[in-house]
2 protein chains.
Amino acid sequence: MQNGQNTELRNGQAPACWASRLRERMRQSGLRPTRQRMHLATLLFSRGDRHVTAEEVHAEALGENMSVSLATVYNTLHQFTEAGLLRVLAVESNKTYFDTNISDHQHFFIEGRNEVIDIPDSMISVQNLPEVPEGMEVAHVDIVVRLRPKKN
Amino acid sequence: MQNGQNTELRNGQAPACWASRLRERMRQSGLRPTRQRMHLATLLFSRGDRHVTAEEVHAEALGENMSVSLATVYNTLHQFTEAGLLRVLAVESNKTYFDTNISDHQHFFIEGRNEVIDIPDSMISVQNLPEVPEGMEVAHVDIVVRLRPKKN
DNA sequence: CTGTGTGCAAACTCTTTGCATAAGT
DNA sequence: ACTTATGCAAAGAGTTTGCACACAG
């Protein structure tokens, strides 16, 4: 549970308040605030910053008696990503991780355990970014610090 | 074509020489230097540093009248990775890129075009690496600078 | 009502595996 | 000869798509 920017969404408090914010946000992105989308948004954004796969979200939704199909979870996650509510992480091949913290930050990745942990903003920085090829600009700099268990 | 550490493997020159080195290297890793493995190794290591997918290697092999199955390409790429001859890159979800340059370096990734380009060693560096969780150590720090076409 | 979203199943891509055959030592 | 690698095809994960039904505005 790291600190991020969704401070107002903590602990499930004032749900009516942020639910209506979310509703507006969805409308702005052309997404109708349906039952499933609102429920998934609650899962994703009311519990601090999270790094999840579609399967995990689906399992969690089912565990809360929420009826939603895996296809809808995938669709919704991608729609949220386009709407700027989520980021996609490329930490491991062959699995898409979605990050609910869209602020500029970096990650630890624990090999073997396949766990993603936020590195708090501004602690890490890059020096000597090389010149970018002609006609290109930097979209984002991603840093993944891969960790493994220390050999005692 | 960036510079890497496989300087002696350039331009297909002295093939007998580095082929025998490779043979030894394979034996050390418990891999028999079979026709397919030697041929794939030639593809991979005699043309400068490369970032390839299994499909690309397979297509290239077939294009050179080399008979090899996709399954063998996958197996071989993973065996080479375990032997320390290749690195796996996590730049894009759902596709495994293998890097023939195993030295410590970072990458540009051109979004949309799905192209990986080396950032030469030592030009880029990270500051203020945060404290690593208890019992863990850093295996590797991966930096991906994502590029997109500049809007004129 | 009208149009968009959803669920389901099937398709699709990338990757791995099992087993008979082929090749290396 | 003996062992390991290969090829093929089939299976397996993860993800996407098409279409009929359901729901939001």
Side-chain angles (χ1 to χ4, degrees), chain A residues 19-20 22-43 51-62 65-83 85-86 88-98 114 116, chain B residues 19-20 22-43 51-62 65-83 85-86 88-98 114 116:
Chain A
S20 65
L22 195 56
R23 227 177 273 275
E24 275 176 43
R25 188 110 193 228
M26 285 196 194
R27 287 224 172 77
Q28 284 167 16
S29 313
L31 298 175
R32 295 212 295 224
T34 62
R35 222 193 309 290
Q36 284 83 345
R37 292 212 265 240
M38 289 302 289
H39 202 141
L40 289 174
T42 305
L43 272 188
H51 309 94
V52 293
T53 63
E55 293 280 1
E56 285 167 9
V57 173
H58 186 228
E60 206 170 316
L62 297 185
N65 289 8
M66 174 199 182
S67 166
V68 69
S69 70
L70 182 56
T72 297
V73 172
Y74 272 108
N75 290 338
T76 303
L77 289 173
H78 284 130
Q79 288 154 355
F80 284 4
T81 302
E82 276 185 49
L85 298 166
L86 292 176
V88 172
L89 301 183
V91 283
E92 206 213 3
S93 283
N94 308 332
K95 213 152 199 183
T96 304
Y97 283 81
F98 294 86
N114 284 13
V116 181
Chain B
S20 65
L22 196 55
R23 228 177 273 274
E24 274 176 42
R25 189 111 193 228
M26 285 195 194
R27 287 225 171 77
Q28 283 167 17
S29 313
L31 298 174
R32 295 211 296 223
T34 61
R35 222 195 304 294
Q36 286 85 344
R37 293 212 263 240
M38 289 302 288
H39 202 141
L40 289 174
T42 306
L43 272 188
H51 309 94
V52 292
T53 63
E55 292 280 0
E56 285 166 9
V57 173
H58 186 228
E60 205 170 316
L62 297 185
N65 290 8
M66 176 198 182
S67 166
V68 70
S69 71
L70 182 56
T72 297
V73 171
Y74 272 106
N75 290 338
T76 304
L77 290 172
H78 284 130
Q79 289 155 353
F80 284 3
T81 301
E82 276 185 49
L85 297 166
L86 292 176
V88 171
L89 301 182
V91 284
E92 204 211 2
S93 283
N94 309 331
K95 213 154 198 183
T96 304
Y97 283 81
F98 294 86
N114 285 12
V116 181

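These numbers were taken from a predicted model, which means no experiment stands behind them. So you know, we letter chains A, B, ... as the sequences are listed, proteins then strands, and number each from 1.
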Check whether any side-chain heavy atom of A:Thr76 lies under 4.5 Å from a side-chain heavy atom of A:Gln36, and answer yes or no. no

Minimal non-hydrogen separation, B:Leu43 against B:Val57, with atom names: CD1-O, 3.9 Å

Derivation and outcome, side chain to side chain contact (heavy atoms under 4.5 Å, CB included), residues B:Tyr97 and B:Thr53: CA-CA 5 Å; B:Tyr97 283 81; B:Thr53 63; 3.9 Å; yes

Contact interval (first through last nucleotide) of DNA chain C with protein chain B, 4.0 Å heavy-atom: C:dC14 to C:dT25

Hey, what do you get for CE (A:Met38) to CZ (A:Arg23), rounding to the nearest 0.5 Å? 4.0 Å

Do A:Met66 and A:Leu40 have side chains that get closer than 4.5 Å, going by heavy atoms? yes

Please examine the side chains of B:Asn114 and B:Glu92, heavy atoms only from C-beta on, and report whether any two atoms are closer than 4.5 Å. yes

Inter-residue atom distance B:Met26.CE - B:Gln79.CD, 0.5 Å rounding: 9.5 Å

Under 3.5 Å, which N/O atoms of the protein pair with N/O atoms of nucleotides 14-21 of chain D?
residue: D:dG14; atom: OP1; partner: A:Lys95; partner atom: NZ; Å: 3.1
residue: D:dT15; atom: OP1; partner: A:Thr96; partner atom: N; Å: 2.8
residue: D:dT15; atom: OP1; partner: A:Thr96; partner atom: OG1; Å: 2.8
residue: D:dT15; atom: OP2; partner: A:Tyr74; partner atom: OH; Å: 2.4
residue: D:dT15; atom: O5'; partner: A:Tyr74; partner atom: OH; Å: 3.1
residue: D:dT16; atom: OP2; partner: A:His78; partner atom: ND1; Å: 3.4

Taking only residues two or more places apart in sequence, or in another chain, which ones meet B:Glu60 in a side chain to side chain donor-acceptor pair (under 3.5 Å)? B:Arg47, B:Arg50

In chain order, what residues pass the ring-ring contact (aromatic ring centres under 6.0 Å, His included) check against A:His39, with sequence neighbours excluded? none

What's the angle between the local helix axes at either end of the helix from C:dC1-D:dG25 to C:dT25-D:dA1, using five pairs per end and rounding to 10 degrees? 30°

Please state whether the phosphate of D:dG7, meaning OP1 or OP2, lies under 4.0 angstrom from any side-chain nitrogen or oxygen of B:Thr72. yes

Between N or O atoms, less than 3.5 Å apart, protein on one side and nucleotides 22-25 of chain D on the other: list the pairs.
residue: D:dG25; atom: OP1; partner: A:Arg27; partner atom: NH2; Å: 2.8

Test item: A:Phe98 and A:Leu89 side chains (from C-beta on) under 4.5 Å apart, heavy atoms: no

dist A:Leu22:CG -> A:Arg27:CZ (nearest 0.5 Å) comes out at 11.0 Å

Would you call B:Phe80 and B:Leu31 a side-chain contact if the rule is heavy atoms closer than 4.5 Å? yes

